[in-house]
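Note on naming: letters A, B, ... go to the chains in the order of the sequence lines (proteins, then strands), and numbering restarts at 1 for each one. Owing to the predicted nature of the structure, the values given are computational and were not obtained by experimental measurement. Side chains included, hydrogens not; waters and symmetry mates left out as well; all remaining heavy atoms used.
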Amino acid sequence: MRSQGAGGPAAGDWVGSNTLLCYTRTMITESEMLLTAADAPGGDSTLFGVDETPGIVSVLATYAGQARVWRRVNDGSTQAENDAFNPWLLVPDLALLGDLPVERLVPSDRFPTLPHGRQAGYRELDGDGHYKYLVLARNFAFLERAILRSQGRDRLWDLRDHVYYRPPVEQYLVQTGRAFYKGMLWEDVRRMQFDLETTSLNPLDGEIFMISMRDSSGWERVLDANEHGGEAGLIGEFVRLVGERDPDVLEGHNVFDFDMPYLVARSIAKEVHLGMGRDDDAPVESRDALKVGARNQSFRRHSVAGREIIDTLHAVKRRDAIVHDIRSYGLKSAARYFGLASAEREYVEGPEIHRTWLMDPERVRRYALDDVREVDALSGLLMASSYALASMVPKTYERIATAGTGQGLIEPMLVRAYLWAGRSIPRAGAAIAEEKYIGGYTRMYLSGILSNVVKADVASLYPSIMLAYEIAPRTDSLRVFPGMLQKLTHLRLEHKQLGRAQLAGSAERVYHDAMQGAMKILINSFYGSMGASFALFGDIAAATQVTQRGQEILQQMMRELRAKGMRLIEADTDGVYFTVPEGWTFEDELRLVAEVGRELPEGITIEHDGRYARMYSYQEKNYILQGYDGKIKMVGAAFKSSRNEPYGEQFFNEALPKLLALDFAGVRESFEQRVYAIRSKQVPVEDLAVTVFLSKSEEAYRASGKKEEQYEVLLAANARWKPGDRVRYYHAAHGRHGYKKLYEPGATDYDAEYYVKKLRETYAARLCRAVAPEDLNSLFGEMRGMFDRDPSEIKPVVVEVNPPE
DNA sequence: CTCATACGGGG
DNA sequence: GTGTACGTATGAG
């Protein structure tokens with residue numbers, strides 16, 4: 001472990017691990033206090049918290065004010081320390097506490113603490129924010145009970161405009177000013193990847209027969225049930241190795257929805273203690289929400305004491321919310337997408353894994369090991385910025401990995417800064433005006449196939465506007481918002497430079513890259529925290545001011561581009577795709593972008609963000625790009641059907657390069673070949689069948705009185721099932737309409753016409769914007785009529801779908 | 001046409 | 001956050 005930054009107080013600087021942290025710093029004046037919180041020169045306490053205790057790798061805290069902190073210490077071991085803190089909450093009025101005796105606490109420059117022997121106390125906060133009182137107690141339950149009793153309510157949630165509080169771990173981190181991973185490089189964090197191989201997807205009728213494990217030190221192991229006296233011994237050995245390798249982080253792909261629940265279910269069935277935690281405790285399940293872009297997905301989190309659990313599936317989904325071109329979130333396809341799959345990677349189809357193990361266990365061992373290696377690689381690529389965020393935001397690493405940006409990251413940091421400055425905090429929605437919220441500007445101008453395409457965008461559009469025009473929530477009385485934004489922008493540049501000076505792949509380079517990535521995330525999060533009506537520092541008017549400026553800047557950029565003869569294809573919030581004249585070089589494009597940039601307001605910079613040989617513009621936010629290296633990128637949901645039968649995807653892969661090369665005869669040929677392959681039954685039924693999840697039991701389904709395809713298929717086949725099973729079936733030919741039939745390997749009685757129709761109407765139809773409607777029949781028609789052009793003579797069309805204003 | 005329902009990912 | 005998403009596909013009526 002290396003130490004970064006100047007030596008602040010280390011663990012030894014505070015006394016008593018069972019009392020509250022008592023620093024021996026001298027008092028400073030009120031004005032210096034504001035400086036400390038909002039503008040600390042060099043100290044950056046608003047970004048990192050005031051406490052620099054190094055090596056924290058996990059924290060557990062309870063509403064009863066007990067914290068358990070796991071720290072990496074100098075000899076490389078990990079120590080658990082018990083700590084006590086005072087759970088706290090914020091209220092606008094002490095009357096909410098009813099008859100609970102609370103004592104006024106002496107003001108100090110630190111987060112207040114309860115004097116010895118007191119049950120509850122408060123500190124009055126400065127300024128005219130809504131939450132004027134910070135109330136502390138030995139036990140959160142004292143406060144909760146007193147408030148609910150005086151207000152006649154059942155849940156604190158019902159009083160959310162009157163009581164503000166955070167989960168216990170965050171209360172602890174805010175109160176102590178601590179954060180994770182101080183002084184630790186990414187490589188100092190011990191990450192363990194694991195993956196189960198099971199006989200079925202459902203732990204009720206399946207077993208674990210293999211577990212692959214590896215950790216960030218390069219250690220690797222594959223456990224086989226046969227070598228450990230069966231499943232119980234296998235799980236036992238897994239648990240033993242987790243304890244022995246003692247990782248800080250457990251990682252897996254879809255761990256929360258597969259590996260963890262499966263392990264829990266099997267360990268219960270086999271009566272094995274699943275002591276995966278650092279206190280030998282079993283995983284605990286809770287409901288949580290994964291933030292993906294602006295949306296929430298609910299999931300069942302599993303947690304163990306002393307270790308963080310990370311799901312790389314979540315990380316991949318969150319990345320796709322930014323890039324929109326990840327075809328599938330599965331481990332194998334994500335690894336290929338990011339270029340992380342090795343050439344020697346072993347592949348085994350899911351349903352084949354168990355059978356393969358029986359005949360060729362070595363192959364499954366290789367496969368399982370490749371899985372955890374890919375999880376490690378994905379984590380290295382996608383999680384390092386969250387690790388760096390964890391050293392700034394008062395939250396656990398595993399929660400940062402699923403948190404949103406505004407309320408998830410910025411709000412806890414602002415609350416920490418305000419409370420440490422003794423400042424009152426606004427209420428959610430305090431600055432929400434009646435006016436309508438305006439979003440970013442999006443418009444598609446041209447559809448069809450275009451050549452010589454360039455994407456230019458404004459670098460950090462919204463944060464640049466906030467800095468250039470000094471826009472912040474009006475409720476931010478401490479001006480922490482612009483202060484943090486400025487500091488982050490500055491520090492990010494510094495980390496970028498420091499990183500570039502390091503050897504590629506070195507631990508220091510990874511560290512600086514992670515820091516700059518984390519800072520980029522924070523910088524881009526400030527806008528979001530203003531735009532949310534339910535965020536403490538939300539200010540719709542300020543957010544609207546930002547987007548309005550953003551629209552103006554984008555419009556100005558587009559005017560300049562058009563004035564220079566460029567054709568606009570599509571604009572989205574902070575960037576625009578356009579065509580440049582045939583024969584232009586990269587340098588010509590850079591020059592153009594620089595020229596346009598000079599016309600834009602001070603503080604706004606535009607960047608060349610990509611160049612493409614061809615673009616097929618289909619719908620707003622849905623397009624296909626082909627690089628000068630021939631590589632194809634499909635962006636948007638329109639090219640990603642949820643029931644992607646393999647044959648449709650294969651058609652896309654074959655026909656799209658031809659389409660972009662304007663080889664319409666080739667497109668026709670691909671289509672005809674695929675139609676022929678379907679009709680002559682050369683397409684294997686695996687490529688046509690769908691697999692459907694069964695959630696209802698046979699009784700529940702019969703009782704529902706409704707008809708659902710997947711259950712009807714099973715009933716017709718006289719098959720039994722349980723909730724959690726999957727059924728695979730296809731559309732079989734029978735009379736005029738055909739019917740759904742249970743999948744059998746090698747079946748050829750599928751309804752060819754059904755699949756031909758689908759190929760035409762759901763896959764081929766996505767290519768329609770490339771040609772005139774009257775040419776569609778010669779591309780994908782059943783037979784060419786006498787008026788239809790020969791496909792080789794089709795001319796591509798570009799349609800102006802919106803006039804540029 | 002509209003309405004209802006299910007998918008994603010893991011073996 | 002107790003905000004079970006979202007956009008898409010399919011079949012029934």
Open item on the list: Strictly distance-based, threshold 3.5 Å: is any side-chain N or O of A/Tyr616 a donor or acceptor partner for the main-chain N or O of A/Arg769?
Closed with: yes
TODO: Flag the pair A/Glu207 and A/Lys270 as a salt bridge only when some basic side-chain nitrogen lies within less than 4.0 angstrom of an acidic carboxylate oxygen.
DONE: yes
Task: For atom CZ of A/Phe258 and atom P of B/dG10, their distance in whole Å - done: 10 Å
Task: Partner residues of A/Tyr623 under the ring-ring contact (aromatic ring centres under 6.0 Å, His included) criterion, sequence neighbours left out - done: A/Tyr577
TODO: Rounded off to whole Å, could you give me the OH-to-P distance for the A/Tyr347 and B/dG11 pair?
DONE: 13 Å
Task: Residues in side chain to side chain contact (heavy atoms under 4.5 Å, CB included) contact with A/Asp158, at least two apart in sequence or another chain - done: A/Arg153, A/Arg155
Task: Any donor-acceptor N/O pair, A/Asp195 side chain to A/Ser212 backbone, under 3.5 Å - done: no
Task: Per A/Pro351 side chain, nearest of listed nucleotides C/dG1, B/dG11, B/dG9 - done: B/dG11
- [ ] State yes or no: are the ring centers of A/Tyr165 and A/Phe140 separated by less than 6.0 Å?
- [x] yes
Open item on the list: Whole angstroms only, please: what is the CD-C1' distance between A/Gln407 and C/dG1?
Closed with: 8 Å
Open item on the list: Taking the ring centre of each residue, are A/His130 and A/Tyr164 less than 6.0 Å apart?
Closed with: no
Open item on the list: Categorize A/Glu349 for me: base, sugar-phosphate, or nothing, with a 4.0 angstrom heavy-atom threshold over every strand shown.
Closed with: nothing
- [ ] Please list residues of residues 151-167 of chain A whose heavy atoms come under 4.0 Å from any atom in DNA chain C, ordered by number; otherwise none.
- [x] A/Arg155, A/Trp157
Open item on the list: So if I take every side-chain heavy atom of A/Tyr329 and compare against C/dA5, B/dG9, C/dT10, which nucleotide ends up nearest?
Closed with: B/dG9
- [ ] Ignoring backbone atoms, test whether A/Ser298 places a side-chain nitrogen or oxygen under 4.0 Å from the OP1 or OP2 oxygen of C/dA5.
- [x] no
TODO: Spell out yes or no: do the side chain of A/Glu352 and the base of B/dG11 have one donor N/O and one acceptor N/O closer than 3.5 Å?
DONE: no
TODO: Would you confirm whether A/Gln171, through its side chain, and A/Trp88, through its main-chain N or O, come within 3.5 Å as a donor-acceptor pair?
DONE: yes
Task: Short side-chain to backbone donor-acceptor contact, A/Arg365 and A/Asp360, under 3.5 Å - done: no
Task: With A/Glu346 via salt bridge (Lys or Arg N to Asp or Glu O under 4.0 Å) - residues at least two apart - done: A/Arg363, A/Arg366
- [ ] Verify whether the ring centers belonging to A/Tyr367 and A/Tyr347 lie closer than 6.0 Å.
- [x] no
TODO: Scan residues 393-403 of chain A against DNA chain C and write down, sorted by residue number, each residue with any heavy atom closer than 4.0 Å; if none is found, say none.
DONE: A/Arg399
TODO: Whole angstrom is fine here: how far is it from OH in A/Tyr618 over to C1' in C/dG7?
DONE: 13 Å
Task: Span that lies between the C1' atom of B/dG8 and that of C/dT4, in whole angstrom - done: 14 Å
TODO: From the options C/dG1, B/dG11, B/dG9, select the nucleotide whose nearest atom is closest to the side chain of A/His253.
DONE: B/dG9
Task: Candidates C/dT8, C/dT4, B/dG11 - which lies nearest the side chain of A/Arg766 - done: C/dT8
Task: Residue whose nearest DNA chain C nucleotide is more 5′ - A/Lys291 or A/Arg287 - done: A/Lys291
Open item on the list: Under 4.0 Å, counting only non-hydrogen atoms across every strand here, what does A/Glu197 touch: a base, just sugar-phosphate, or nothing?
Closed with: sugar-phosphate
TODO: Assign A/Gly330 to base, sugar-phosphate, or nothing according to its heavy-atom contacts below 4.0 angstrom with the strands shown.
DONE: sugar-phosphate
Task: Interatomic distance where CZ belongs to A/Phe256 and C1' belongs to B/dG8 [whole Å] - done: 18 Å
- [ ] Give A/Thr199 one of three labels, base, sugar-phosphate or nothing, depending on what nucleic acid heavy atoms sit under 4.0 Å from its own.
- [x] nothing
Open item on the list: So if I take every side-chain heavy atom of A/Tyr367 and compare against B/dG11, C/dT4, B/dG9, which nucleotide ends up nearest?
Closed with: B/dG11
Open item on the list: What's A/Asp259 touching, base or sugar-phosphate or nothing? Going by heavy atoms closer than 4.0 Å.
Closed with: nothing
Task: Atom pair distance, as rounded to whole Å: CD in A/Glu231 and P in B/dG11 - done: 16 Å
Open item on the list: Once you apply a heavy-atom cut-off of 4.0 Å, does A/Leu290 come out as touching a base, just sugar-phosphate, or nothing?
Closed with: nothing
TODO: Take atom P in C/dA9 and the same atom in B/dG9, then report the distance between them in whole Å.
DONE: 15 Å
Open item on the list: Rounded to whole Å, please give me the gap between CG in A/Asp205 and P in B/dG10.
Closed with: 19 Å
Open item on the list: Centre-to-centre under 6.0 Å for A/Phe780 and A/Phe671, is that the case here?
Closed with: yes
TODO: Return yes if some donor-acceptor pair links the side-chain N/O of A/Arg214 with the main-chain N/O of A/Leu369 below 3.5 Å, else return no.
DONE: no
TODO: For DNA chain C, determine which residues of residues 312-321 of chain A have any heavy atom closer than 4.0 angstrom to one of its atoms, and list them numerically.
DONE: none
Open item on the list: So if I take every side-chain heavy atom of A/Tyr754 and compare against B/dG9, B/dG11, C/dT10, which nucleotide ends up nearest?
Closed with: C/dT10
Task: Spacing of A/Asn254 atom CG relative to B/dG9 atom P, expressed in whole Å - done: 9 Å
